[in-house]
Amino acid sequence: MGVVTLTTSTSYLQYSVMSVCYLFSSRLVFLSHRMFEQGSKMFFCCCGDAMPQRVMLQGAGPGAQVPAHLTRVPISLIGTDADTDYSDKTVKGKVVRKGPLVSLASDNFILKTVIQEEDFPPKASSQNPSINVVLFGALAEDFSHAVDRGDSVVASGFAVGRSPTFNKDKLHPFNLLLSGDAACVYVSRPPPPPDPRSPPASKRSSALPAEGSRTKAPKYSYCRLDDLKAGSVVNTYGVVVFFKQPFKSRGTDFCSTLKITDQSNQKVGCTVFCEKLEDHPQVFQVGDIVRLHRVKVQSFNNSMTLVNTFGFSVLAFDGPEGGSIEPRTSSCSFHWDQEDRRTVEELRSWTSSQALLPLVPTTPLSAAQPKAYFDLTCQLLAKAPIDSSCTLLRVWDGTRCAHTLLKVIVEQNVTEGPSSFSKGRESLIASILVYDNHVESAVQLKPGDFLRIYNLRAIPGSSKAQGLSSSSSSRAEAEAEGVDHLLFHLHGGTAYGRGIRVLPENSQDVQELKRVMEAVPEEAEDHFSELNDSLMLEVWSTPPQCPAAEPTECSTERSCDHDTQPVTLSELKRSGPGRVHHVRVQLRSYEPHRLHQALKLYCSKCTKMQDVPDDDLLASLFSEEKDSEPCVFPPWALSGRVLIPGDSPTFPSRSLSVHLSTRLLCADKPRELIFLMGSTLEETCRLAAGYLNIVPVMSSGGHMTLLDLSAPFLFRGRKRYYGCKRCSEVTVREPEGVELIDEKVVAEALGVQLLQFVLLMKLELQDATDTLDVFLWSDAESFFGVSAEDVAANQEAQNRIRQTMDSLCPAGGSAGGRPWMDLCLTAYRAEDEAGQNQTCYQILQSTVTKPASTTSTTSTTSIGATVTR
DNA sequence: GATTAGGCTTTG
């Protein structure tokens, strides 16, 4: 599998915190503090300094306005008139794509962006025109830092060139090239949306110094849990290690109980009395983090406890690292700043190091074991009172319980919500009897609510064994007989945190639950219900095999020889790394959607992976080398010239300097390998039709050398080969032998560490129990039945991948229409970019078996994204 | 500016 670390890619969330402009020596200088958020780490960096200004924020100062003598040209007119002088012209557009900053040499950069015209000239019908813009040098660097997608920019001082990617991207036949002192970009940014983490300040006119507006907010200090002094009122942060949902106290309030801890390892009990439920801590599970303001420290039984006091407020957060930091609170105004954010991050990181988080937050019905106590996240479908101390809740979570679920029969017309469901759905519904104090909270619940029920007990055995035989008329009647049935009880009292909580619709857990539920097709439910044989139930507690009404063949097969039974994704997630699993799943989604981005270059030596540069970038690398300086050629090289016929007045015929290997010439193989100097990318490609191997070279310091290794070092027909910048030690030599000249031989002669084309995709798999992100990488070629090298060079290979993905995951198709895949997965540990260990999954030894679609795989017409470079 | 509870060793 190699040693490449593949982790879920971290997206760099980037936003400008503030921009300040100074007038400095009569030149405008733009200082931008930008904040980067990367996983759990935050840092600031300052870009821009007292250098001449190249990228300017409009409205920031007098010099930042577009000079009045410049006139704007519509993007559609760029390049239409060969005589146009663009030195006094501008082009305006919105940044719709922004490429990475590519480093060419230590202080030279290149960056590609696409801008789209927004308002000029107004056009109702077709799409607004857009154009590629290539920026060079410090301008590229500044642009990379200062401009975001969505910004509106005005470019001036540009040159216009033919776009080498026009055939591919159909964007614009020309592009804008910005380099040198004259080039400038003016930026204006739409006003930022309000920060959702900073709710508007309270309208209360209260003089409370507390949770006011951000500007007036006082500095809060937080007391560590080993530093609590009895009698004081403090603010504190903690990780929840135990909690009880709010329950009615004997007094006037609801009471909730927390036990929290922090880096001091002290465990401190905390009691909250509030009349209103919404003012209580919104804690959903152990590991949640709470911030408490104004709690009184009391000594009880020789330990410190916390009780809320006047002005009390609480925020709660999810516990796992990397999750969103969205405070849960009913308060409409609260103080919240970067320091709070950092504190939560630190507690999360500490929590994970202490293994305080439960491995499995809640147990799905599919994993419920007889007699076990567990927490359940589910949706309420219906409820019915049984008697004054017992209420029936009918719930489901989209998973299938391994045991038959008992249906409790209730009197007619007492059920809130549907009294029965389709046969298939019924088989997925669990009956929960809630007792005593929980009856009162059940009254508040509405069918459709998403619930978490704490300390639920699975009651096993036959209905008779539970005293619920059909002849019994006591509390409920069960229609099922047998020994393999389950019913659930929520016992009275609040011991062990027993209780019911309604989860907010926007919570992560509810989103996850919905995904699982949506993956259960109606037909499948009915299909399931036919199979009530206990042996079959055992089998069918694993993912459904053919849930669609019209059974579809499985679209992939495993070629491995592991002797292991398929598991559900939820089971797989509960087991550790270092194992191989078989799963039967559907493809829910995949990345990248633009399939050409799945193609990467991989160095087997340093194990680094990089993107394949696009033609715009390559074209600029070639064009930079047009004017070669004088050069001493190596003694083995025979020099000559080759004529490249032109195809238009813009591209006249040119003769270029070529160098041949004496050894190959003597072997009568003059066309096997040429070293070509000063060619453009286009010319190189054209010559590649006539020469087997072309190595583009340039003169540097009076000697012949390769171009920058961002460019291919070798062209072989339509194939291009790249070298690793880190691992190559370039010297231009002729190959040793003459028998076979291929990319390996050439690379070896040139001291180039050859990069390999690979395919890398992230697939989101799903079954009835869960979803899972997996990588398709080392076995991607055998999965698709194509080589990555072919994908880089030929349309048929690209079509094959596109069609395979379309058939596994049809656009706009429902889950029911997606084929099922038998896959072999391996689970392994890898470090993410923040240095945190996480479990990753990779598809191994699995192959798509069916032709991807009914359309011909040899079709040469491609629509939409292809993997063309 | 009172009162509530102060986990738990698990009924139906």
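Scope of the values below: all heavy atoms of this structure, side chains included, with no hydrogens, waters or symmetry mates. Naming: A, B, ... by sequence-line order, numbering from 1 per chain.
- For F243(A) and dG7(B), the ring-to-base geometry does not satisfy the stacking test (centroid distance below 5.5 Å, interplanar angle below 30°).
- Atom CG of D387(A) and atom P of dG12(B) are 14 Å apart (whole Å).
- Between A495(A) and H491(A), it is A495(A) whose nearest contact on DNA chain B lies nearer the 5' terminus.
- For H491(A) (side chain) and Y435(A) (main-chain N/O), no donor-acceptor pair under 3.5 Å exists by modelled atom type.
- R394(A) meets the salt bridge (charged side-chain N to carboxylate O under 4.0 Å, His left out) test with E426(A); sequence neighbours excluded.
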Which donor-acceptor pairs under 3.5 Å do the side chains of residues 228-236 of chain A make with protein atoms, sequence neighbours left out?
unit_1, atom_1, unit_2, atom_2, d
K229(A), NZ, D227(A), OD1, 3.3
S232(A), OG, K229(A), O, 2.6
N235(A), OD1, R294(A), N, 3.0
N235(A), ND2, S221(A), O, 3.3
T236(A), OG1, C223(A), O, 2.7

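- Residues meeting the salt bridge (charged side-chain N to carboxylate O under 4.0 Å, His left out) test with D253(A), sequence neighbours left out: none.
- Looking at heavy-atom distances under 4.0 Å, N301(A) makes no contact with the nucleic acid at all.
- A straight line from CG of L490(A) to C1' of dG12(B) spans 12 Å, rounded to a whole angstrom.
- Note: OH (Y496(A)) to P (dG7(B)) measures 13 Å, nearest angstrom.
- Using a 4.0 Å heavy-atom criterion, one finds that R457(A) contacts no nucleic acid atom at all.
- By the 5.5 angstrom centroid cut-off and the 30-degree plane limit, Y373(A) is classified as stacked against the base of dT10(B).
- Put simply, CZ on F374(A) is 19 Å from P on dT10(B), counting in whole angstrom units.
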Sugar-phosphate means primed atoms, P, OP1 and OP2; the rest is base. With that split, encode nucleotides 1-6 of chain B 5' to 3' as B, S or - using protein heavy atoms under 4.0 Å. B-BBBB

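- Using a 4.0 Å heavy-atom distance criterion, G492(A) is classed as a base contact.
- For D288(A) (side chain) and F284(A) (main-chain N/O), a donor-acceptor pair under 3.5 Å exists by modelled atom type.
- Partners of Y237(A) under the ring pair (Phe, Tyr, Trp, His ring centres under 6.0 Å) rule, at least two apart in sequence or in another chain, are Y222(A).
- Taking S264(A) as the reference, R224(A), L225(A), D226(A), D262(A), Q266(A) meet the side-chain contact (heavy atoms from CB on, under 4.5 Å) condition, with sequence neighbours excluded.
- Between G497(A) and D436(A), the residue anchored nearer the 5' end of DNA chain B, judged by the nucleotide with its closest heavy atom, is G497(A).
- Rounded to a whole Å, the CG atom of N437(A) is 18 Å from the P atom of dT10(B).
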